[in-house]
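Let me begin by presenting the structure, written as structure tokens, before commenting on it.
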Amino acid sequence: MDPIFSPPLHRQRHQFVIDFVMKNKPRKVIDLGCGECSLLKKLRFHREIEVLVGVDINGAKIKKKMHVLAPISTDYLQPSDAQLRIEMYQGSVTQRDARLRGFDLVTSIELIEHLTLADVERFSAVVFGYMTPATVIVSTPNSEFNPLLPGLSGFRHSDHKFEWSRAEFRAWALKVCLEHGYEVEFTGVGQAPYGQQDSVGFCSQIGVFRFRGREHCNMLCDSDADDVSSYTLLFCINYPSLRDNNTLRRVLVTEVVYWTEQLKKRWIKDKTCQRKDALSFCQNERVEKLQKQMDDMAWPVERCLEVVSDSTGQENYKVLWTNGQKQNDPCAFNRYVCVPLAVLWSCCPKVRDLSESVGNLRRLLMDEPEIKLSQDGSAVLVKYQEQDQEDEVNSDLEDSCYAEASQCSHSAEQEEDWETDV
Ligand code: SAM
């Protein structure tokens, strides 16, 4: 039947929910009778949602498709600031489960017509009386539209127990509101041809219920019910989020390791005077742009540390890089390039965003085994080996200007490409 609509009717129903989510920004959402998770699959990209739950009586259906809800590699490589937890349950909407209470939005898309009328009563008591979400979206076929569906005799699906007219849906919905303290608006998707819209209504009728509070409720409500958990948890996953401290540290350490290496290379290039010479021969616009970006970087740390010791006090080493002006030659084993945290923080936007302040940056890096801090905690120490310098000289001699550009450009240019690709 769907092909008579464009987009197909099932997509229009899901789009209705997505538009509602975009407008109302619920944080906790449940899809009842979620089937093969197709609505959940779309909803997980709406990162204002923090908890997303799917329930279906048919566990096999959920299991078949639930893996598509797992995070993908970019979710791990570039975790977002948002939080998302997805839980999938096998269970019947006629039974209570305390884990599903207190949500912002519950959707029931083309579900109730699969229940007997007695079970619809149970559904109403469970969803509106026990779960008491702030909003509920219920969609169900509108039987008045059926004569317009080509080749249809009887119900739209063999498993349907009923198909309601608009008046029947309305009567059920208003009773629910009266009993459980909700108000409802009626709408739908799948428009009838011009001129017939009023007489038949939408192909799928939709009720949007909003909780008004218990004072509007006519009957004894179920809100004090016990702590039951009748559903079976099939799948549960937390998406990586920068709000999780471990994820934040992992991403930050990766950035710091990368940037301290870049800054070390820069120092080595400056020191060997290869960089500018190589670049000056190059008219390539891209290289010039990069050269300018490097030169424009403001290095706020003016002081020049001569000799510092590491946190154990065991090793002595020379500080090789400070503000680009005063540089000391390496002269001993256990040498380090010293990259002040203030420099890292001010010239690496992602480090700045992740850590928010230099003090925070120090605190976050303090116990990280991959990061070596100076004794006073003001700088990251990057091991300097003779090989580093040799590598730089060799690569400068061997490489073309293009190679020079790609080596320097990881920061801005490649990241943009990467994001575009995704
Ligand atoms: N909501 C989905 C959608 O829009 O694509 C699927 C709708 S499908 C027509 C109806 C779903 O309701 C089926 O996946 C079925 O297994 C589920 N269902 C039927 N009775 C149920 C019950 N008592 N509790 C939970 N789910 C039920």
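Both ligands and their constituent atoms are indexed starting at 1 by order of listing.
- Residue contact annotation: Gly91 has a non-hydrogen atom under 4.0 Å from ligand 1.
- Given atom 24 (N) of ligand 1, the protein heavy atom at minimum distance is Val93 N, 3.0 Å.
- Atom 26 (N) of ligand 1 has as its closest protein heavy atom Ile57 N, 3.2 Å.
- For atom 10 (C) of ligand 1, the nearest protein heavy atom (residue, atom name, distance) is Glu110 O, 3.5 Å.
- Among all protein heavy atoms, the one lying closest to atom 23 (N) of ligand 1 is Ser92 OG, 3.0 Å.
- Of the protein's non-hydrogen atoms, Asp56 OD2, 2.7 Å is the one closest to atom 14 (O) of ligand 1.
- Contacts with ligand 1 closer than 4.0 Å are made by side-chain heavy atoms of Leu111 only, the backbone lying farther away.
- Among protein heavy atoms, atom 1 (N) of ligand 1 sits closest to Gly33 O, 2.7 Å.
- For the pair Glu121 and Lys175, the salt-bridge criterion is met [side-chain N within less than 4.0 Å of a carboxylate O].
- Inclusion of Cys34 in the set of residues having an N or O under 3.5 Å from an N or O of ligand 1 is not warranted.
- Within the structure, ligand 1 has His114 among the residues with a heavy atom less than 4.0 angstrom away.
- For atom 3 (C) of ligand 1, the nearest non-hydrogen atom of the protein is His14 NE2, 3.6 Å.
- Contacts between Leu115 and ligand 1 below 4.0 angstrom, taking non-hydrogen atoms only, involve the side chain exclusively.
- The protein heavy-atom contact nearest to atom 13 (C) of ligand 1 is Lys61 NZ, 3.4 Å.
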